[in-house]
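A, B, ... follow the sequence lines: proteins, then strands. Residue 1 opens every chain. Remember, predicted model here, so these are calculated numbers, not experimental data.
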Amino acid sequence: MDAPDFREIDKKWQDIWHRERTWQVSNNLTESGGAAYVLEMLPYTSGEPHIGHLKNYAVGDAVAHFMRRNGRRVLHPMGYDAFGLPAENHAIRTGKHPKESTDESIASFARQFREWGISIDWSRELATHQPSYYRWTQWIFLRLFEKGLAYRKNAAVKWCPKDATVLANEQVVGGRCERCGTEVEARQLEQWFFRITDYADRLLAGLHEIEWPEHVKTMQRNWIGRSEGAEVIFSCVETGEQYHVFTTRPDTLFGATFFVLAPEHPDVLRLAAGTPQEESVREYVNQALRSTNDTRGAADKPKTGVFLGRHVINPANNEHIPVYVADYVLMEYGTGAVMAVPAHDERDYAFARAFGLPITQVITPDDPDGPAAGQLPYTGAGTLRSSGEFDGLTSAAAGAAITSWLAAEGAGCQTVSYKLRDWLVSRQRYWGCPIPIVHCQSCGLVPVPDEQLPVHLPDIEDYAPKGRSPLASADDWVNVTCPACGGHARRETDTMDTFVDSSWYFLRYCDPTNTEQAWDFNALAEWMPVDQYIGGIEHAILHLLYARFLTKVLYDLGKVPVAEPFAKLFTQGMITKDGAKMSKSRGNVVSPVRIVKHYGADTARCYVLFMGPPDTGADWSDEGIEGVYRFLRRLLRLGRELAETTQAPAAGDTHQIDTGLNRKVAETIVRVTESMTQKFAFNISIAAVMELSNSVSRAQRDGASPAALRHAVATGASLLFPFAPHISSEVYELLTGRRVWEDSWPLADMTLLASETKLIVCQVNGKVRDRVEVPAGADDAVVESAARASQAVLHALSDSTLLKTVVVRDKLINFVVR
RNA sequence: GCGGGAGUGGCGGAAUGGCAGACGCAGCAGACUUAGGAUCUGCCGCCUUCGGGCGUGGGGGUUCAAGUCCCCCCUCCCGCACCA
């Protein structure tokens, strides 16, 4: 008996599930059972599924099955994230049209999901590159456009020279393109943005309502980067222009002794023009703009900068302070300008020391003897000095007082700053959802009317990236009449970021075939929010933040009944091989196709779950999977043997052995149920069934009755069904004649668990000396005399004085002696 | 630097404050076998004078009892990082 056998069993049950559409659910509200929505992140379909996909869907499928067997009506759909750079790059490499290569990839994913036996409602399958889907992506874009949440602006943006497109801030990691690793460049371009910053506070607040891993919430909080402070206005002495800065420390305003602009600040060159410093400023800025994020980003790098030859007025004390350009100030954060308080900020201090600028201490540390006393820079709170009328106030009080004083003077106000930037959604690439806007010379930006959607992605010959959208060359497609005035107009030729496509797919699953609207509100009311979302940690910010944002927008528009899309989130850990991430270049890829072919689907699924807690990473072991394989074969063999055995063996005290086995069955039910309910400790669930199977083998040898053995194995199969659906179905059918998924989750016989006797651990001074059996619920005196009957206990007690006896009912007795 | 998490046998990992090491891998011994890379059985933390002693990164503490709770330290992993 080996893999070919498993493969036949796999096929037998997959055919039944396919033929009978077993996992299909309707939107019928009147059907019994509470609705539940279990969802794994949809796969990005470029290339083939890998082991990480197998784990992701094995986890999700276990959850879905467990909920179904506990009476829930579970929506468990599947789709494909089909547009985007990697698919397009893959197509360019292979010389195939992205539509063709993507559809091939989708077919491969779909086939393998079926071969893995994942319980999917296939009637709801979708792919984001289908016009029937992206029609509604465009519809959503237009709703944002109407609300002013989708807008165009000219901005310094991140440009990937290799992929020849702009990127969102979220897609730039350490100054490099998240996809291809190329260092990004800054470019000044007009682009489409989504106004996600309008939702910053609600995206933060919503985190309190959802059950997500704490570290994912933390990552989102850090990314949003909310920080409270004040805006202060500094006027240029020479030009009279006003410059706003953001500070979290308005209490240190009197200590601002110079002013710094980022090299990217649009006014830098103009300000320096005509000054003796003009040439050196120009040189510095050029050099700073050329230097990479890698070299510029280090916090311990020596401070550099150039005097602009201009001054601004510190509104607190009317002092004229010099303006510098320096690359330690970032254009991306705040206003690209800072007031520098060298006495109370590390960076400003380093700069002041390097350039010989004055350092004015305005905060006295509260603890006069503390290590901070007299040492600059001092970045903590304290009492104000050299700050005019505010002297003597604490930092907190002074911050508020100075801010209100600024507001009264018209020189500032209280404000909140965010690290989060608006979401840049346009891409100069072919393989994406067209933006449904036309540019009309007389009307400007005109939305394509809803009834003309979708704006089809044209089929073009040359889709290679060139730095402008390939769609621009599709003349027939680009030239249109303006929907507003009927005059000549041109279509928007950029496509949308793939993350727009995947930010709403979970809504479409609820009503996937609707041709009248994106979805029926009632369908969402039935299923949303997703009860359990499952995916990789790599989406902690990108996908999960965007999806939350779009859901909130649609909620505000009254289109969606919930403000948070994913009530619970589970992030699975990555499977590595030989301690490293699997990759073709390393040659350490474990192919799911090969594994499933060799061991069958259930072995593969159980092994990825048995490797350890599913939220932690684990290293693939070719030996490790053999253990799970052996276990499943043993289970099937037991099932087959017992299905044919009716005669009880003669030997042994059958009744006592049966009772012991039945108790083990009850214990296993409790153990598996708890390990699946409290956390997703599927490694424990599987281990518990392994124990049961070991107990069955022992009981069989010892002479248990066939009925008890059959009951034990059938229950084990039933408990294993969420992880190994094929073999479990087979064994369960052999032993009971029924379909395991049609029976509800096993219920433990609690009377068996409350056994008549208990094994009491006997300790002397906390050290275990023996174990004695007493009746369940025996009182302290009975336990003590039983313990005292033990030779080992008596031996340990000899030559000592008893100080105290601690008895924990049904568990333990501890003699404390001296 | 800031934030989050983790340190348990040769390995992956179990343990509502109550028997540390479940389950599996690897290893060792045996059975069956022409054969075994199949299957089954047993052993499997370290030390031991075989009484027992020691043992969950290190050090303290609370407790009758600590892998688990508290304090200090060390190491590793992940995220963010010149964020004003």
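Side chains of A/E641 and A/Q700: a donor on one and an acceptor on the other come within 3.5 Å. Side chain to side chain, A/S685 and A/S675 meet the donor-acceptor criterion of an N or O pair below 3.5 Å. Using a 3.5 Å distance cut-off with no hydrogens or angles, the side chains of A/S227 and A/Y418 do not pair a donor with an acceptor.
Rounded to a whole angstrom, the distance from the P atom of B/rG45 to that of B/rC28 is 16 Å. Comparing the same atom, C1', in B/rG67 and in B/rA14 gives a spacing of 11 Å after rounding to whole Å. Nucleotides B/rC23 and B/rU33 have their P atoms positioned 30 Å apart, rounded to a whole Å. When the C1' atom is used for both B/rU16 and B/rA65, the distance is 16 Å, rounded to whole Å. Using atom C1' as the reference point in both B/rC72 and B/rG12, the two lie 32 Å apart (nearest Å). Rounded to a whole angstrom, the distance from the P atom of B/rC47 to that of B/rG55 is 15 Å. With C1' as the reference atom, B/rU8 and B/rG58 are 15 Å apart, rounded to whole Å. The gap from the C1' atom of B/rG24 to that of B/rG9 amounts to 14 Å, rounded to the nearest Å.
Rounded to an integer number of Å, the gap from CG of A/L635 to P of B/rG24 is 13 Å. Look at CD1 on A/I686: it is 15 Å from P on B/rG13, rounded to the nearest Å.
Using Watson-Crick or G-U wobble geometry with both donor-acceptor distances under 3.5 Å, B/rA35 finds no partner in any strand shown. In a base pair of the Watson-Crick type (N1 to N3 plus N6-O4 or O6-N4) or a G-U wobble (N1-O2 and O6-N3), with each distance short of 3.5 Å, B/rU68 is matched with no nucleotide. Under the Watson-Crick and G-U wobble criteria, each requiring two contacts below 3.5 Å, nucleotide B/rG1 is paired to B/rC80. Base-pair partner of B/rC19: not found among the strands shown (Watson-Crick or G-U wobble, both distances under 3.5 Å). Using N1 to N3 plus N6-O4 or O6-N4 for Watson-Crick, or N1-O2 and O6-N3 for G-U wobble, each under 3.5 Å, B/rA26 pairs with nothing. Under the Watson-Crick or G-U wobble criterion, with both distances below 3.5 Å, B/rG7 is paired with B/rC74.
Across all strands shown, A/N694 has heavy atoms under 4.0 Å from sugar-phosphate atoms exclusively, and none from any base. As judged by a 4.0 angstrom heavy-atom cut-off over every strand, A/V806 is placed among the base-contacting residues.
One cannot find a donor-acceptor pair under 3.5 Å joining the base of B/rC80 and the side-chain atoms of A/N222. For a distance-only test at 3.5 Å, the side chain of A/K679 fails to qualify as a donor-acceptor partner of the base of B/rU16.
Counting heavy atoms from C-beta outward, A/R788 and A/V793 have side chains that stay 4.5 Å or more apart.
A/R630 has a side-chain polar atom (N or O) that falls below the 4.0 Å cut-off from OP1 or OP2 of B/rC25. Considering only side-chain N and O atoms, A/R249 lies nowhere under 4.0 angstrom from the phosphate OP1 or OP2 of B/rA84.
Figure legend: cation-pi geometry between A/K303 and A/F351 absent, as NZ or CZ is not positioned both under 6.0 Å from the six-membered ring centre and within 45° of its axis.
Proximity note for A/F610 (side chain, C-beta onward) versus B/rU41, B/rC80, B/rG12: the nearest is B/rG12. Taking every side-chain heavy atom of A/K804 into account, B/rC64 is the closest of B/rU39, B/rC64, B/rA84.
By the neighbour-count criterion of 12 heavy atoms within 6.0 Å, atom CD of A/E667 is densely surrounded, having more than that number from other residues, nucleotides or ligands.
For B/rG4, the base adopts the anti conformation, since its glycosidic angle falls more than 90 degrees from zero.
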